[in-house]
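Presented below is the structure to which this report refers.
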Amino acid sequence: MAAGILDGLNPAQRDAAATIEGPVLILAGPGSGKTRVLTQRIAYMLSEAQPRIDAYNILSVTFTNKAAREMKERTEKLLVKYLGQENSAAKRLTLGTFHSFCVRVLRQDANYIGLDRNFAIYDDDDQTALVKSSLNSLGLSDKQYSPRACLSMISSAKNTLQEPRQFREVAQTYFEEIAARVYERYQELLRTNRALDFDDLIGQTIRLLRENKEVLERYQERYRYIMVDEYQDTNHAQYQLIHALADKYQNLCVVGDENQSIYGWRAADIRNILNFESDYPQAKVIALEQNYRSTQTILDAATAIIAANTQRKDKALWTENESGRPIQVFEAYNEMEEANYVVGEIDRLQVRGEFKPKDVAVLYRTNAQSRALEEMFIRRGIPYQLIGGTRFYERKEVKDALAFLRLIQNPYDSISFTRIITNTPAGKGIGPRTLIDLSQWANQMSLPIYVALQLLQSQEADKQTRRNAGEPEESNEEDLLPPLNVAPKIRNALLDFVNLLEAFIRARGEMTLLELFDYVMEKSGYELSLRDGSEEGEERWHNVQELRTVCQEYNHMPGNDALPAFMEDVALVADVDKFNPDADAATLITLHAAKGLEFPVVFIVGLEEGILPHSRSLENENQLEEERRLLYVGITRAKNRLYLVYAFRRSLYGGQNIPTKPSRFLLDLPSQLVKGYQQAPTGSPHGGRGTGSRDTLWGTDVNRTNWGNTTKPAPAKPAALSKPATPTRPAATGNISLKFKAGEKVLHPKFGKGMVVSSRISGNDEEATVAFEGQGIKKLMVSLANLQKI
DNA sequence: TGTCCCAATCGGCTA
DNA sequence: GATTGGGACA
């Protein structure tokens, strides 16, 4: 091979990039140059491979838009470099997320399975709302049966490709039977609304391919070369989809790392990657084991953490990088001191000229942890960017504004309809009572609400004509239809609404997306109602304006194409998509969202039992392994410096400070990698603390780890910041015996009589789950709750 | 119908 | 500590 695209790759990488035909499994450890291999592989296929491959025949699937965009850009660059400016091959590639790929297929071929191409895409909120109406229309209370719990069952059924009927057959518990009924109704409602939820995007695409051989063959012929990134995160449905497409040519290249599988809760199935070799016995397996990212020390720490997991393939990461600084472990007093330590360190690194804020990421398990950090960043004037939290597209005003556009595209979308009626002035005069009347009326006639409204409109027009012609107002025709019994005022409000909607739909064909947006915001009165003069109102309007800016990007498209393209993109954006590596600011991000990113300096905070590992994962060994992988992902984001931080006390739900216990994962860190590590602390390691200056407080040598020895009571710890001093950490917490056990009857001063469902140790306390007569299930901390056995 | 206030619940990660 | 949903009231 002549000097070319694969130069500069190591032998394993080169092998991975140059193996084009047949099934390939690339096991890519963190920092092993995975993206580089993937992009060079595509470039190689297009420019050097024999036979040369047409970009049109390549499908590359990732999980985030960001990853897709990055691959596209990098591939383009390579192609320009090797094939010259003129080359347009990259534009012919199909490169996207699972969801965007499926949306494209369905917009093209939805008619084969009887779906409207203009389908709306329902996000989490929409889904929950629809589950609620499913419950209600079955005469079930959404308080008795949690819509979210139903939804999660429906979702997992969909992710394992179970139709409502099949799900009903395997339903075991009473609640599962309820969920099965809800699932069935939910699907009916989706259909009436001409909408698909996220899971359907995959599921319906599979249905399309399974039920239509010629469609399947068309896609198989087109996509002869398929690549899947982050294969460890695929769920069963995605697995089936990929395997159906690859079935004919078997040129399937999957890339992944089972140690970075952190989406089990989203039904990702780690077995997909673990079993690839048995799925394709002739598969070529290539391990990328050289790490180019991290120091030896950081890599050793990551290896030590992950070694305890059982669900993994053997591979050994190594690096030629220097050993680097030891890992800094720090115990803070509480979440505020934790934040202060982190921000103080970032400041110090900056002052010393070692790193800039943009080099730093602070990673945490839960979004709620970001608040204390944010406050401290603001207080100390260090720039930061927060990824996640309340997402832009989940803001109420943004969703409201979007609901207008969604309804214009698909007027059958009852969720958007209801949203506009209840939240915006366009629905003034129409309340919940009327909505029920209206939908019942529509139901009697078996018409969608939109059509029922149109009927109302034409009845009104008829009346008008007859009035003008001097005829009696009532006609025989109308008597055949059930009447809508509402006050004339309300009838007019409904007519105003449908007239407005029709005007919007007409406008769509006559203006650009941007003009349409402005038109809708003004005509609906939504702009005026938001900008009520309050600061908050302006802030909201500002967010709507930000959405307007997004519309602008679609202005080059013909009016009728722009809207669906816009809706599709909007429905599928993720938080990380916003991450800006060039901003001169530290990054605050969850461990999940940080996957795929890297930073010179990484802080992982909240390394406590109940947070990482998360309390909801403590009972299940598989979930614990996933928590461990999550930490592994976090550690391996770091290039040069790694800080692991935990707090001695933490307040949850804005409640009191609860003492915490350092994460069990810390115990797996080899002591020689950690700064200030003490296997068995002797004497007081905290000399002078609390009385000294800030410098000694936040210096690197005030590392007071006392984990590693849990049998010995930890020494008292003076208060930091303004918090009052607290007593010593309660003596060894290893084995508090449980006071309550399942089945026991108890009495609570407020909730009355109940029965213990379960009880477990949580922090230094016992948490009992109790079902109270008529009060439902409550979780109580035994030390606080004054529970008595009866 | 709309609005305000209180309580219950939440805060686990997300295409 | 913030959001949301229901009930009371205008």
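The sequence lines fix the lettering, A, B, ..., with proteins before strands; numbering per chain opens at 1. Values in this document were obtained by computation on a predicted structure and should not be read as measured data.
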Closest approach to the side chain of [X], judged atom by atom: which nucleotide of [options] is it?
X      : options                : value
A/R371 : C/dG5, C/dA2, B/dT14   : C/dA2
A/D124 : B/dA15, B/dT1, B/dC13  : B/dA15
A/A593 : B/dG12, B/dC13, B/dT14 : B/dT14
A/H99  : B/dG12, B/dT14, B/dA15 : B/dA15
A/P432 : B/dT14, B/dC13, B/dT1  : B/dT1
A/N367 : C/dG1, B/dA15, B/dC13  : B/dC13

Remember a base hit wins even if backbone is also touched, and classify [X] as base, sugar-phosphate or nothing at under 4.0 Å, heavy atoms.
X      : answer
A/I262 : nothing
A/F198 : base
A/T434 : sugar-phosphate
A/E230 : nothing
A/R365 : base

To the nearest Å, how far apart are [X] [atom1] and [N] [atom2]?
X      : N      : atom1 : atom2 : answer
A/L612 : B/dG11 : CG    : C1'   : 16 Å
A/N423 : C/dT4  : CG    : P     : 11 Å
A/R433 : C/dG6  : CZ    : P     : 15 Å
A/I202 : B/dT14 : CD1   : P     : 18 Å
A/Q369 : C/dG1  : CD    : C1'   : 16 Å
A/K399 : C/dT3  : NZ    : C1'   : 15 Å
A/W265 : B/dG12 : CH2   : C1'   : 8 Å
A/D125 : B/dA15 : CG    : P     : 14 Å

Comparing A/D199 and A/A368 on DNA chain B - which has the more 5′ nearest nucleotide: A/A368
What distance, rounded to whole Å, do you find between the two P atoms, one in C/dT4 and one in B/dC13?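 The answer is 15 Å between these two P atoms.
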Suppose we call a contact any N or O donor and acceptor under 3.5 Å apart; does that hold for the side chain of A/E627 and the base of B/dG12? yes
Just one of A/E70, A/E598, A/E230 clears the salt bridge (Lys or Arg N to Asp or Glu O under 4.0 Å) bar with A/K34, so which one? A/E230
Under the criterion salt bridge (Lys or Arg N to Asp or Glu O under 4.0 Å), which of A/R649, A/K661, A/R650 is the partner of A/E608? A/R650
Between A/N622 and A/Q311, do the side chains contain a donor N or O and an acceptor N or O under 3.5 Å apart? yes
Would you call A/D125 and A/R419 a salt bridge, using N to O less than 4.0 angstrom? no
How about CZ on A/R271, more than 12 heavy atoms from neighbouring residues, nucleotides or ligands closer than 6.0 Å, or not?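 No, the 6.0 Å shell around CZ holds no more than 12 heavy atoms from other groups.
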Ring centre gap for A/Y223 and A/F101 strictly below 6.0 Å: yes
Distance check: side-chain N/O of A/T590 vs OP1/OP2 of B/dT14, anything under 4.0 Å?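 Yes, because at least one side-chain N or O of A/T590 sits under 4.0 Å from OP1 or OP2 of B/dT14.
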